[in-house]
Amino acid sequence: MLEVLNPATGEVVERLDQATEEDADAAIARAKEAFPKWRTVEPSDRSRLLRRLADALDAEKENLAQLESKNTGKPLGDSRGEIEMVVDTFHYYAGAPERLLGDSIPVSGGVDVTFREPLGVVGLIVPWNFPLTIASWKMAPALAAGNTLVLKPAELTPLTAIEFERIARDAGIPEGVVNVVVGPGRAVGQRLVEHPDVAKVAFTGSTAVGKKVMEGAAATIKRVTLELGGKSANVVFADADLEEAAATAPAAVFGNAGQDCCARSRILVEKSAFDDFLSLMQPAVENLRVGDPFDEATDMGPLISAEHREGVASYVPEDAPVAIKGSAPEGSGFWYPPTVLAPLTNEDRAAREEIFGPVVAVIPFEDEDDAIRQANDTIYGLSGSVWTRNGARALRVAHRIETGVLSINSNTSVRVATPFGGMKQSGVGRELGPHALDYYTEVKNVYISTEGEEHSSEPWARSEEGA
Ligand code: NAD
């Protein structure tokens, strides 16, 4: 039996049966059976069905947002924004079925065209930090391209995924196209990775588990996309709008209580502006309101679990250089205060490992080269920001930072219409935007001879004739 908790209170909100490997097999079999029909649904009809699903999600968005906050502890305003993105993502990809264009390639002796075909059954494995949002980034392009799916939510946050399955069915998505299996990563997740009838696994989670997924997928040469961990740098030059950079830096790392793969958890500040930056940042950290997710004034909620809080706290030992500390409620719930460690070096453990909590390392740098060197001195490469008023420098630095997503004078990372994903050990592949569709389709090349029967179109046959 799976006990689902509310992290703000520690109370059980739901008890669920855990799925087994056999349940995963049954879901894969349902998806396999549904695939031939779903892939041949007329593109305009598939589009209409996805639009209807987006509308159905829109109609239930308040219910879904409340459920997400109850299960994750994130502020209700954040959950509303996330569910809005789920709706937008389905609307965006609802336009895709009729736009999955192939190529026509000039060749001699015939016509050559490419088709973009669905893969088959796709297994989707997602984490607990943005439960339904991250699932929608996978489900919407997968369905638009004609695949059927099995979704495995994180054990800690299965509630909105279960609701999604019901909403999809009620919206008319055919039986077997969308299947949700709630169960442990080791059994159900691994089964999706290893099962020969699953053509692709799209995984979002830690780099450690991502490596196991890649390894497991090798046995069946399964396609994989991986969205993994990060240790993104927020690079602040002395010529930047320091007030703006400092006022927004806390939200860029403490948003979602720091449980964000794109968290700017290393702030690199040019030495000459280091002290000014910290002084400007201080009120923004101290004024963060940490507490009840259902209070509209709350900026930050609790961490996801007691176990995760212990891990986060291990990065702030007794002798840690805590420069600024925010507040957090006492008592039940998995609370942890926003914490700024400064000055640190890029060699410190808190600067090297993904903490995934509200703890940030502030590190000085000497000049542009040093900033780039330190920003790239990590196994990760997911997101990041550059703050400067010098446009040429902004582009120079953006080119040289090894990261999949970067913002200049902004801390945003994700938009429905633009590609998102990591370099280095932050992942493989891209989600969102038009690019995601490439990862849910295969390109098939078809050559049609236009020569008469008396002419052989095979180039080697011709050269033999000539020999
Ligand atoms: P996790 O890796 O522990 O779990 C992710 C999912 O994988 C869960 O559903 C889990 O049940 C499943 N799983 C666990 N073991 C498995 C196995 N052996 N085989 C198959 N599936 C298995 O990650 P988490 O703690 O849920 O999430 C936090 C991590 O996710 C952080 O590292 C964060 O950076 C990363 N993340 C990345 C992105 C991104 O887009 N790059 C987005 C959000 C979170």
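Atoms within each ligand, like the ligands themselves, are counted from 1 in listed order. These values consider heavy atoms only, across backbone and side chains, with no hydrogens, waters or symmetry-generated copies.
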Colleague: Please check if the distance between the ring centroids of Tyr336 and Phe254 is under 6.0 Å.
Modeller: no
Colleague: Write out the residue and atom name of the closest protein heavy atom to atom 39 (C) of ligand 1, then the distance separating them to 0.1 Å.
Modeller: Cys261 SG, 3.2 Å
Colleague: When you measure from atom 6 (C) of ligand 1 to each heavy atom in Val126, Val209, Val213, which option holds the nearest one?
Modeller: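 Selected option, by shortest heavy-atom distance: Val126.
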Colleague: Answer yes or no on whether Arg223 is positioned over the face of Tyr439, meaning its NZ or CZ is under 6.0 Å from the six-membered ring centre and within 45° of the axis.
Modeller: no
Colleague: Any nitrogen or oxygen of Glu354, main chain or side chain, under 3.5 Å from a nitrogen or oxygen of ligand 1?
Modeller: yes
Colleague: For ring-ring contact (aromatic ring centres under 6.0 Å, His included), just list the numbers for Phe164 and Phe90, CA-CA rounded to whole Å, side-chain angles, deciding distance to a tenth of an Å, and then say yes or no.
Modeller: CA-CA 12 Å; Phe164 178 88; Phe90 274 95; 5.6 Å; yes
Colleague: Between Thr207 and ligand 1, is there a nitrogen or oxygen pair with a distance under 3.5 Å?
Modeller: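 There is no such contact.
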Colleague: Of the protein's non-hydrogen atoms, which lies at the shortest distance from atom 2 (O) of ligand 1, and what is that distance?
Modeller: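 Its nearest protein heavy-atom neighbour is Ser206 OG, 2.6 Å.
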Colleague: So between Ser426, Pro153, Gly189, Gly205, whose heavy atom ends up nearest atom 35 (C) of ligand 1?
Modeller: Gly205
Colleague: Can you check ring-ring contact (aromatic ring centres under 6.0 Å, His included) on Phe274 and Phe365, steps first, answer last?
Modeller: CA-CA 9 Å; Phe274 195 84; Phe365 69 82; 9.6 Å; no
Colleague: Counting heavy atoms only, which of Ser413, Ala208, Pro127 comes nearest to atom 27 (O) of ligand 1?
Modeller: Pro127
Colleague: Hey, does the side chain of Asn147 reach the backbone of Val121 with a donor-acceptor pair shorter than 3.5 angstrom?
Modeller: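 Not confirmed, Asn147 side chain does not pair with Val121 backbone.
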Colleague: So if I apply the side-chain hydrogen bond (donor to acceptor under 3.5 Å, both in side chains) rule between Thr225 and each of Lys138, Arg430, Lys200, which one comes out positive?
Modeller: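 Between Thr225 and the candidates, side-chain hydrogen bond (donor to acceptor under 3.5 Å, both in side chains) is satisfied uniquely by Lys200.
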Colleague: When rounded to the nearest 0.5 angstrom, what distance separates CG in Asn129 from CG in Leu156?
Modeller: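 With rounding to 0.5 Å, CG (Asn129) is 11.0 Å from CG (Leu156).
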Colleague: Say whether Thr204, considering both its backbone and side-chain N or O atoms, lies within less than 3.5 Å of an N or O atom on ligand 1.
Modeller: no
Colleague: Measure the distances from the heavy atoms of Phe420 to every atom of ligand 1 and state whether one is below 4.0 angstrom.
Modeller: yes
Colleague: Would a search of protein heavy atoms around atom 9 (O) of ligand 1 find one under 4.0 Å away?
Modeller: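 Yes; the ligand atom in question has protein heavy-atom contact below 4.0 Å.
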